[in-house]
Amino acid sequence: MKLMSMDKWGLNTNGMPLGIAGPCSAETEQQMLDTAEGLKHKNIHVFRAGVWKPRTRPNSFEGVGEIGLEWLAKVKKQTKIPVATEVASAEHVRLAIKHGIDVLWIGARTSVNPFAVQEIADALRGSDKIVLVKNPINPDLELWIGAMERINQAGIKKLGAIHRGFSTYEKVNFRNAPKWQIPIELKRRYPDLPIICDPSHIGGSRDLIFEISQTALNLEMHGLMIESHVDPNCALSDAKQQVKPIVAREITEKLLLRNHDLKGKGHLNQLKNLRDQIDELDHILISVFAQRMDRVNDIGKLKKEDNVAVLQSDRWSEILEDRTSLGLKSGMSEIFIKKIFEAIHQESINKQIVIVK
Ligand code: PEP
Ligand code: MN
């Protein structure tokens, strides 16, 4: 992808993480102006508001439409803060450009659909807008990258990604599971692509915003998009995850900014030493896994001889219980141990299925 560095987008962040804040939805002109006034702060560089809202169920508030763009233009004129909105069709792009909206984002329910993204990309051709692409609702990195490539191939170079978490059927602590390994892999593949974290849609609850934002900065993400409303409890959409402007400002003030590089040679040597140790430990892990798999093969042979089923549920429950409690005692999380042993167990079952055939 041909990308322009975020410092050249004209948003005056002074090298700080990009701060985007504003209500989930534009509701009234007054709500927009009051929220924007409250958000004036050196850490907040763009004001957001959705005017077309893609809602899960019909008959919920679906946004005020074009008039919301007029309110955004008024906010921009009054506060001098650049403004952002979500676009989901060529018509939305046309209207957003007509009203001088500075930043357009593609929502999670749109980035899943290559036809819709292509239509948006074609409508953007020739403009020099900043475009941010939210991850698709399902955890599919290729689909996310594909959406950004479509926008980039239409000539948009001020391009960034927004990580807003992924929908899962299992109920987790988060509204949308962060699955941090996905944005980490995106960053590895496209080191020049800015990634903005949206802690509001990941958490789904205002209490989680700070913690998720700090994790994002620890992972060297380039900015945050925080939903903020003058009267969050009365918001017409996403009420639980919105914070008052003053809270949004305080969150950005409390966050610790991480250095991108280590200080001095002493730390570099220490880092090299620790990484060497990690390499060594990983090699030991692989050899222990291999030894374990040998035992699994032997068990598979016995099961074949005695015509016993490969999956022994009681044994598997026992293993999981024992390893989890051991892991917890060693300071690891239950989720981590469960993930590792599920992967090991799955591989063992796969091996034995081949053996007993
Ligand atoms: C939003 O930003 O308000 C929104 C609808 O987000 P998402 O597309 O991430 O669900
Ligand atoms: Mn929202």
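Both ligands and their constituent atoms are indexed starting at 1 by order of listing.
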Is it true that [X] and [Y] fall in one hydrophobic cluster, defined by side-chain heavy atoms closer than 4.5 Å?
{"X": "Leu224", "Y": "Ile246", "result": "yes"}
{"X": "Leu132", "Y": "Leu3", "result": "no"}
{"X": "Met221", "Y": "Val133", "result": "yes"}

Open item on the list: If the condition is ring pair (Phe, Tyr, Trp, His ring centres under 6.0 Å), which residues does Trp71 pass it with, not counting sequence neighbours?
Closed with: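 None.
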
TODO: Report, as a single number, the protein N, O or S atoms less than 2.8 Å from the Mn ion (ligand 2).
DONE: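 Atoms of protein N, O or S type lying less than 2.8 Å from the Mn ion (ligand 2) total 4.
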
Task: From Val103, Leu159, Asp102, residue fulfilling side chain to side chain contact (heavy atoms under 4.5 Å, CB included) relative to Ile130 - done: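 That would be Val103; it is the only one of Val103, Leu159, Asp102 passing the side chain to side chain contact (heavy atoms under 4.5 Å, CB included) with Ile130.
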
Open item on the list: Check Lys272 with Asp276, please: is the shortest side-chain N to carboxylate O separation under 4.0 Å?
Closed with: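 So Asp276 pairs with Lys272 through a salt bridge.
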
TODO: Answer yes when Arg295 and Asp298 have at least one side-chain N-carboxylate O distance shorter than 4.0 Å, and no when they do not.
DONE: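 No, this pair does not count.
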
Task: First-shell residues of ligand 1 [heavy atom, distance under 4.0 Å] - done: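 Residues near ligand 1: Cys24, Arg48, Lys53, Glu86, Trp105, Gly107, Ala108, Arg109, Lys134, Arg164, His201, Glu227.
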
Open item on the list: Can a side-chain donor-acceptor contact be found between His92 and Glu86 if the only test is distance below 3.5 angstrom?
Closed with: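 Per modelled atom types, Glu86 and His92 side chains form no pair under 3.5 Å.
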
TODO: Could you pull out all residues at least two apart from Met16 that satisfy side-chain contact (heavy atoms from CB on, under 4.5 Å)?
DONE: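 For Met16, the residues satisfying side-chain contact (heavy atoms from CB on, under 4.5 Å) (neighbours in sequence not counted) are Asn43, Leu257.
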
